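If you're wondering where the values come from, they're calculated on a predicted model, not measured in any experiment. The first residue in the sequence is number 1, and the count goes up from there.
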Amino acid sequence: QVQLVESGGGSVQAGGSLRLSCEVSGATTSMHRMAWFRQAPGKGREGVAVIVISGSITAYADAVKGRFTISRDNARHTLYLRMDSLKPDDTAMYFCAAGMFRRSLNWYAPAAYDYWGQGTQVTVSS
């Protein structure tokens with residue numbers, strides 16, 4: 001079992017910044033990648049950014065490229081999402097997720113992940 005606990009959400013004005021954290025615990029040795037997803041009211045869960053645990057390869061959704069940065073601190077067992085130049089469209093519940101390797105599933109597919117946190121709310125006002 002892997003446990004994920006997000007924090008760092010809040011309310012900011014457009015153009016502001018936030019850093020989300022996801023504390024990771026449990027049996028993580030079989031995990032291949034970790035990601036951040038978001039879900040706005042009435043919409044599906046959207047992949048935001050992913051990091052491959054071995055090698056630190058990253059990828060981002062087009063909507064956040066150049067504004068968001070995913071990173072991890074192995075010593076602190078924590079995944080981060082730095083969000084700059086926030087826009088009202090970034091308003092959503094943000095979730096971190098961890099998954100084993102699945103060749104047939106893209107990183108932005110929720111089905112590619114085995115464990116999820118409870119989410120942290122981000123609200124961006126114009």
Side-chain angles (χ1 to χ4, degrees):
Q1 285 286 342
V2 175
Q3 294 79 42
L4 306 172
V5 179
E6 302 96 334
S7 62
S11 297
V12 296
Q13 290 191 326
S17 298
L18 283 174
R19 189 180 77 161
L20 306 183
S21 299
C22 175
E23 292 187 29
V24 184
S25 61
T28 60
T29 54
S30 62
M31 293 297 106
H32 169 69
R33 54 192 169 192
M34 295 195 67
W36 288 96
F37 282 75
R38 65 186 181 185
Q39 188 165 16
K43 295 188 177 181
R45 197 162 289 194
E46 172 191 24
V48 174
V50 65
I51 186 165
V52 176
I53 293 174
S54 61
S56 296
I57 295 170
T58 60
Y60 297 88
D62 287 344
V64 307
K65 276 181 185 175
R67 300 189 297 121
F68 290 12
T69 304
I70 189 171
S71 62
R72 59 188 175 87
D73 184 331
N74 290 336
R76 296 175 186 257
H77 304 287
T78 303
L79 179 73
Y80 299 103
L81 184 68
R82 171 73 182 188
M83 305 186 295
D84 295 314
S85 302
L86 282 162
K87 304 175 182 179
D89 284 349
D90 295 319
T91 295
M93 184 73 78
Y94 282 72
F95 301 88
C96 69
M100 295 181 288
F101 177 73
R102 290 184 174 85
R103 187 184 303 276
S104 62
L105 292 175
N106 290 313
W107 72 265
Y108 46 81
Y113 299 86
D114 303 279
Y115 301 99
W116 294 84
Q118 82 290 348
T120 186
Q121 178 68 37
V122 172
T123 303
V124 184
S125 58
S126 57

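- For Thr58 (side chain) and Ile51 (main-chain N/O), no donor-acceptor pair under 3.5 Å exists by modelled atom type.
- Looking at every heavy atom in both residues, Phe95 comes nearest to Arg45 through CZ-NH2, 3.5 Å.
- Between the side chain of Gln39 and the backbone N or O of Ala92 there is no donor-acceptor pair closer than 3.5 Å.
- Taking a 6.0 Å sphere around CD of Gln1, one finds it holds 12 or fewer heavy atoms contributed by other residues, nucleotides or ligands.
- Between the Trp107 side chain and the Tyr60 main chain, no donor and acceptor come within less than 3.5 Å of each other.
- Interatomic distance, Leu105 CG to Tyr113 OH, rounded to the nearest 0.5 Å: 9.5 Å.
- Put simply, Phe68 and Val12 are part of the same group of oily side chains (I, L, V, M, F, W, Y) that touch within less than 4.5 Å, one to the next.
- Residue Glu46 qualifies as enclosed at atom CD: its count of foreign heavy atoms under 6.0 Å is above 12.
- Remark: the backbone N or O of Ile53 is paired with a side-chain donor or acceptor of Arg72 at under 3.5 angstrom.
- Closest approach of Leu4 and Cys22 over heavy atoms only: CB-SG, 3.8 Å.
- With sequence neighbours excluded, the residues forming a salt bridge (Lys or Arg N to Asp or Glu O under 4.0 Å) with Lys65 are Asp62, listed by chain and number.
- The pair Arg102-Asp114 counts as a salt bridge, with a side-chain nitrogen and a carboxylate oxygen less than 4.0 angstrom apart.
- Across all their heavy atoms, Ala61 and Gly47 have their closest contact at CB-O, 3.4 Å.
- For Trp116 and Phe37, the ring centers sit closer than 6.0 Å to each other.
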**Q.** Evaluation steps, side chain to side chain contact (heavy atoms under 4.5 Å, CB included), between Ser25 and His77
**A.** CA-CA 7 Å; Ser25 61; His77 304 287; over 6 Å; no

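- The nearest pair of heavy atoms linking Ser126 to Ala14 is CA-CB, 4.3 Å.
- Heavy atoms only, all atoms of each residue included: Gly8 and Leu18 are closest at O-CD2, 3.9 Å.
- The backbone N or O of Ser85 sits less than 3.5 Å from a side-chain atom of Arg67, completing a donor-acceptor pair.
- Here ring pair (Phe, Tyr, Trp, His ring centres under 6.0 Å) pairs that include residues 3-34, with residues two or more places apart or in two chains, are His32-Phe101.
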(Q) Evaluate Tyr94 against Glu6 for side chain to side chain contact (heavy atoms under 4.5 Å, CB included), listing each step before the verdict. (A) CA-CA 8 Å; Tyr94 282 72; Glu6 302 96 334; over 6 Å; no

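- When side chains are defined from C-beta on, Met83 counts as touching Val122, because their heavy atoms get closer than 4.5 Å.
- Shortest non-hydrogen contact noted between Leu81 and Ala49 is CD1-CB, 4.2 Å.
- Contact annotation: the side chain of Thr91 never approaches that of Arg38 to less than 4.5 Å [non-hydrogen atoms, C-beta and beyond].
- Only one option out of Thr120, Leu79, Val48, Ile70 pairs with Leu20 in a side-chain contact (heavy atoms from CB on, under 4.5 Å); it is Thr120.
- The one candidate from Val50, Val52, Thr28, Val24 that meets the side-chain contact (heavy atoms from CB on, under 4.5 Å) condition with Met34 is Val24.
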